[in-house]
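In this chain, residues are counted from 1 in sequence order. Heavy-atom basis, side chains included; hydrogens, waters and symmetry copies ignored. Quantities reported herein were computed from a predicted structural model and do not represent experimental measurements.
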Amino acid sequence: MTCQTTASLSHHISPIIGYHRAPLSQKFGAPRQPNLVALTSVIEMLAPYDTPAAFIGLEDFSHIWVSWQFHHNYLYKDKLHKDKQASSNDDNQKEKVESAFRPQVRPPRLGGNQKIGVFASRSMYRPSALGLSVVKLERIEIVEGRVLLIISGADMIDGTPIIDIKPYVAYSDALPDAQSGFAPSAPHLLDVTITEWAYEQFGQIIANQSADNIVEANAQNKQSSVKAVIDKIQQQLLRSDLDTIKALIAQDPRPAYRRTEIHTSFVMRYKSVDISFQLLESGELQITNIVAV
């Protein structure tokens with residue numbers, strides 16, 4: 001068996017069938033598991049996988065499985081960079097990529113200070129750089145002849161490559177008697193408050209966006225487009241977004257080793273704003289500042 005044949009048997013190339021378009025553009029603040037926050041987002045399908053015929057029957061399912069790629073995983077980025085280099089040192093590049101394998105990780109759920117095997121975790125630092133999530137299928141939209149899947153509850157950030165989509169089948173996929181190891185229940189939520197100043201900032205940003213949208217609507221034809229649907233979910237700030245922001249912060253996205261720091265400011269980017277928050281002596285997280293970006 002040749003080296004080339006061995007390589008072909010040990011690797012699998014999957015096409016990217018779409019991209020996840022979401023209000024969260026950074027890892028910080030993203031839910032660590034699906035369905036912890038009912039965050040609305042979009043899967044934008046790519047040609048030729050965006051044909052409506054490929055989705056006939058999917059609307060009868062309430063939830064779907066989504067296979068996706070940890071595109072911010074630095075191991076994956078290293079591999080991508082190496083793959084683009086000259087082929088003269090391919091073997092050396094492959095050795096470096098494989099040597100980066102982490103057999104153990106420190107899950108935030110265990111405080112970030114206890115190691116377990118990577119295959120006993122859902123860590124992003126895994127050999128395949130693949131994630132798997134069950135999300136709610138809110139609806140299927142056909143826009144400009146292309147398919148957009150409107151979903152909620154995703155734990156993926158904006159720009160995540162989508163590898164596959166399958167319907168969630170309750171009778172076989174839901175196992176109520178299953179054991180969940182070190183994560184037997186949902187994580188504890190913290191109380192989240194907001195200062196009067198931050199609340200006023202939030203309202204002013206919405207007012208400014210509304211004025212800009214009126215000007216834009218008067219200047220353009222209001223026909224629906226793929227870009228318009230995605231921009232509305234990615235960028236347009238709504239009053240209801242404040243509840244979503246609080247729900248995201250209640251998950252406590254801070255690194256485990258920094259969760260005892262009082263009055264240390266952390267910043268989460270959501271849609272078109274940066275939200276600053278801090279831990280108070282009372283144990284609650286307080287939103288202190290909201291600025292447009």
Side-chain angles (χ1 to χ4, degrees), residues 15-27 29-71 131-170 173-174 206 209-210 213 216-217 220-248 251 268-273:
I16 294 174
I17 65 172
Y19 284 97
H20 185 240
R21 308 302 185 188
L24 294 171
S25 58
Q26 301 175 351
K27 290 188 292 184
R32 292 191 173 97
Q33 302 294 340
N35 300 301
L36 294 179
V37 179
L39 183 67
T40 301
S41 56
V42 182
I43 294 178
E44 178 187 9
M45 303 302 298
L46 300 179
Y49 314 106
D50 61 347
T51 174
F55 297 86
I56 292 176
L58 188 62
E59 69 278 2
D60 295 330
F61 293 85
S62 64
H63 292 74
I64 56 176
W65 286 103
V66 181
S67 300
W68 49 280
Q69 193 175 64
F70 287 104
H71 67 303
L132 180 65
S133 302
V134 173
V135 299
K136 184 177 181 182
L137 179 62
E138 298 289 351
R139 63 187 182 277
I140 301 174
E141 291 193 12
I142 310 298
V143 184
E144 298 176 327
R146 299 177 56 198
V147 172
L148 299 177
L149 302 182
I150 312 301
I151 62 174
S152 64
D155 53 344
M156 304 171 279
I157 63 173
D158 183 58
T160 296
I162 304 301
I163 306 301
D164 198 10
I165 293 168
K166 295 183 176 73
Y168 177 89
V169 180
D173 294 344
I206 290 180
Q209 282 192 352
S210 297
N213 290 339
E216 184 177 350
Q220 298 180 356
N221 189 331
K222 295 183 64 176
Q223 285 184 339
S224 180
S225 68
V226 171
K227 183 178 184 303
V229 173
I230 293 174
D231 283 351
K232 185 174 182 179
I233 289 178
Q234 278 186 319
Q235 299 294 328
Q236 185 178 346
L237 204 63
L238 306 172
R239 288 284 178 185
S240 59
D241 281 325
L242 189 56
D243 290 333
T244 302
I245 290 169
K246 288 182 176 180
L248 289 168
Q251 305 287 330
M268 180 185 77
R269 178 159 296 181
Y270 178 86
K271 288 190 176 180
S272 56
V273 295

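Summarising the geometry, atom NZ belonging to Lys27 is positioned 7.5 Å from atom CD1 belonging to Ile157; distances are rounded to the nearest 0.5 Å. The distance from atom OG1 of Thr40 to atom CD of Glu138, rounded to the nearest 0.5 Å, is 6.0 Å. To the nearest 0.5 Å, atom CZ of residue Arg139 and atom CD1 of residue Ile151 are 11.5 Å apart. The distance from the CD1 atom of Ile43 to the CD1 atom of Ile150 is 9.5 Å, given to the nearest 0.5 Å. To the nearest 0.5 Å, atom CD1 of residue Ile230 and atom NE2 of residue His20 are 10.5 Å apart. Considering CD of Gln69 and CD1 of Ile16, their distance stands at 5.5 Å, rounded to 0.5 Å.
The pair Arg239-Asp241 fails the salt-bridge criterion, with no side-chain N (NZ, NE, NH1 or NH2) lying under 4.0 Å from an Asp/Glu carboxylate O.
Defined by atom type and a distance below 3.5 Å, a donor-acceptor pair is missing between the side-chain atoms of Ser272 and Gln235.
Taking the side chain as every heavy atom from C-beta outward, Gln234 and Val42 never approach each other to under 4.5 Å. Annotation: side chain of Ser62 is not in contact with side chain of Tyr168 (no heavy-atom distance under 4.5 Å). With a 4.5 Å cut-off on side-chain heavy atoms, Trp68 and Ser133 count as touching. The shortest side-chain heavy-atom distance between His63 and Leu137 does not fall under the 4.5 Å cut-off. When side chains are defined from C-beta on, Ser25 does not count as touching Tyr270, because their heavy atoms never get closer than 4.5 Å. Side-chain contact between Leu24 and Pro31 is present, with heavy atoms from C-beta onward closer than 4.5 Å. In this structure, the side chains of Lys136 and Ile64 stay at 4.5 Å or more apart for every pair of heavy atoms.
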Where do Thr160 and Tyr19 land on the side-chain contact (heavy atoms from CB on, under 4.5 Å) test, with the steps shown first?
CA-CA 6 Å; Thr160 296; Tyr19 284 97; over 6 Å; no
How far apart are the C-alpha atoms of Arg146 and Glu44, what are their side-chain angles, what is the distance that settles it, and do they pass the salt bridge (charged side-chain N to carboxylate O under 4.0 Å, His left out) test?
CA-CA 8 Å; Arg146 299 177 56 198; Glu44 178 187 9; 3.0 Å; yes
Mind running side-chain contact (heavy atoms from CB on, under 4.5 Å) on Glu141 and Leu149 for me, showing each step along the way?
CA-CA 6 Å; Glu141 291 193 12; Leu149 302 182; over 6 Å; no
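Although no hydrogens or angles enter the test, the distance criterion places a donor-acceptor pair under 3.5 Å between the side chain of Gln209 and the main chain of Leu237. A donor-acceptor pair under 3.5 Å is absent between the side-chain atoms of Lys166 and the main chain of Trp65, judged by distance alone. Remark: side-chain polar atoms of Ser225 are paired, donor with acceptor, to backbone N or O of Ala228 under 3.5 angstrom.
Of all heavy-atom pairs spanning Val135 and Ala154, the tightest one is CG1-CA, 3.7 Å. Closest of all the heavy-atom pairs between Arg21 and Asp158 is CA-OD1, 3.2 Å. Nearest heavy atom pair, residue Leu39 against residue Pro23, reads CD1-CG, 4.0 Å. Considering all non-hydrogen atoms of both residues, Asp155 and Arg32 come closest at OD2-O, 4.2 Å. Pairing each heavy atom of Leu248 with each of Gly29, the nearest pair is CD2-O, 3.6 Å.
None of Leu148, Ile56, Leu58 except one satisfies the side chain to side chain contact (heavy atoms under 4.5 Å, CB included) rule with Ile140; the exception is Leu58.
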